[in-house]
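Encoded as structure tokens, the structure appears first; notes follow it.
The structure presented is a predicted model; accordingly, all values stated were derived computationally and were not measured. Chain A is the first sequence line, chain B the second, and so forth, proteins listed ahead of strands; every chain is numbered from 1.
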There are 2 protein chains.
Amino acid sequence: MPADALLALEPRKTPVQARSAVTVQSISEATIQVLLSQGAERLTTTRVAERAGVSVGTLYQYYPNKRSLLFAVLENHLNKVAARVEAVCESARHKPLAGMIQEMAEAFVDAKMERADISVALYRISTGLGGPLLVKQVGQRLRRAVEAMLGTATDAKSPPDKFAVEIMLSAMGGAMRSLLEAGSNPSPATVRKAREQLVLLCQSYMAAATAKRV
Amino acid sequence: MPADALLALEPRKTPVQARSAVTVQSISEATIQVLLSQGAERLTTTRVAERAGVSVGTLYQYYPNKRSLLFAVLENHLNKVAARVEAVCESARHKPLAGMIQEMAEAFVDAKMERADISVALYRISTGLGGPLLVKQVGQRLRRAVEAMLGTATDAKSPPDKFAVEIMLSAMGGAMRSLLEAGSNPSPATVRKAREQLVLLCQSYMAAATAKRV
DNA sequence: TCCTTTGATGAAGGATTCTTCAGGTTTGGT
DNA sequence: ACCAAACCTGAAGAATCCTTCATCAAAGGA
């Protein structure tokens, strides 16, 4: 893979004045909106600019190409979710295992649900080039945070299995995705139930996985 | 949504001679190949035809448009996987719960792994219009099969929760996806470990979910 | 106030892509 | 051998799309 494939994704110019900061923000928002209303196939730089209320030229002043725009939006969202889960993982140390997992899983569900529209929109581009890579990176980052937390469990079982943690996280992510993509924004009751069930899923699996260690 | 959006996805003509059957098959295969080597973005009807060794016109004799081609390939794969899991669900009735789950989960992993290339390729288009719908339908179909199986468990707990089964299936699917998209085709050792862990995940969750019922 | 930087505009070039159709080739029955 | 049906071809029309650049407007320090 060519080295400039990554460089071409970096933003082109950073806003220095206030109005341009607004512009960049509205371009980001417009990307989500177009993604939701038209789909990834019909997402066009022109359409995004139109929806943002600026001209195409303006868009290209901050993003060198279409892909870099999508990449930036995706990266931004993933980082926010990861940061929130990491924070919870740090503050939940030195507790019993079940409680730690519960806090972590709930934080994950909440972070995704809070702006369900963004999540749904981004699923539609998470498959493009660079997407799986980002997801993988963030996944690793999350895994490390969870592992560090689990290491401090008061009811210390054997240390958690690296592979098992990965499985747990991707399973949780998959279930959330399926739920969000299922259609109309889920009712509060559904969200409650999902939280509860995902907590149960993670708890029971982690308990089984750490116990099984010989 | 317009009604003809679905009709436009139906195949245009069904092969009657032997050579045309070969042609459509090679078009299907070529679609996978192009998807893997070029990505969804660069998948072109012309490129698919080229790779299949036929001309574009031929392709359009069997598929009314590009989307119908992708839809057909995706549908075919999902149906195969679903059929296999359903078959196992039927033959695994009247056993203890843990054993049933194990057979089901292993069948799922095997079905996905057997042609990992197809799975990976199709993830790249499963997000297009009609994709989530198909996935949802197949998910429901699978859920019913699993529920029917669980109802016959010899160590009968309370009947399984509908929502919980959905969670389990989507979690399993998500974990598999993450694994497959992680990159280079996983080693046999990784596959073994994945099978084992996914079985554990499903077993422990189902046990916890049925036990929790009041 | 004046001038340099920063920000915004949008028409147009260049490149792809989807899809059709008029005309040729192959197959299989009679 | 003959013919109708099935099948294949691929150049070309019509529609988008990405990206650039010459030009204009706003901002803010000197």
For A:Leu35, all residues meeting side chain to side chain contact (heavy atoms under 4.5 Å, CB included), sequence neighbours excluded: A:Ala40, A:Leu43, A:Ala121, A:Leu122, A:Ile125

B:Gln137 atom CD, neighbour heavy-atom count above 12 within 6.0 Å: yes

Residues forming a side chain to side chain contact (heavy atoms under 4.5 Å, CB included) with A:Ala52, sequence neighbours excluded: A:Ser26, A:Ile27, A:Ala30, A:Val54

Members of residues 25-36 of chain B that approach DNA chain D, where some heavy atom sits under 4.0 Å away: none

Those residues that, when tested against B:Gln61, pass side chain to side chain contact (heavy atoms under 4.5 Å, CB included) (two or more places apart): B:Lys13

Interatomic spacing from CE in B:Met172 to CG in B:Leu201 - rounded to 0.5 Å: 9.0 Å

Base versus backbone protein contacts along nucleotides 17-30 of chain C [heavy-atom cut-off under 4.0 Å; B, S, -]: SSBB-----BS---

Nearest-0.5 Å distance that lies between atom CD1 in A:Ile32 and atom CZ in A:Arg51: 11.5 Å

C:dT9 OP1/OP2 closer than 4.0 Å to side-chain N/O of A:Ser55: yes

Salt bridge (Lys or Arg N to Asp or Glu O under 4.0 Å) involving A:Arg115 - partner list, sequence neighbours excluded: A:Glu29, A:Asp117

A:Glu50: partners by side chain to side chain contact (heavy atoms under 4.5 Å, CB included), with sequence neighbours left out: A:Arg47

Boundaries of the DNA chain D segment in contact with chain A, non-hydrogen, under 4.0 Å: D:dC17 to D:dA27

A:Glu147: partners by salt bridge (Lys or Arg N to Asp or Glu O under 4.0 Å), with sequence neighbours left out: A:Arg143

Angle by which the axis turns from one end of the helix from C:dT1-D:dA30 to C:dT30-D:dA1 to the other, five pairs per end, to 10 degrees: 10°

Protein-nucleotide distance (A:Lys13, atom NZ; C:dT6, atom P), rounded to Å: 8 Å

A:Gln140 side chain to A:Glu166 side chain, donor-acceptor N/O pair below 3.5 angstrom: yes

Counterpart residues, salt bridge (Lys or Arg N to Asp or Glu O under 4.0 Å), relative to A:Glu106 (two or more places apart): A:Arg195

With sequence neighbours excluded, residues passing salt bridge (Lys or Arg N to Asp or Glu O under 4.0 Å) with B:Lys112: none

Touch class at under 4.0 angstrom, heavy-atom based, for B:Tyr62 against every strand present: sugar-phosphate

Sidechain-backbone polar pair: B:Thr127 side chain, A:Arg124 backbone, donor-acceptor under 3.5 Å: no

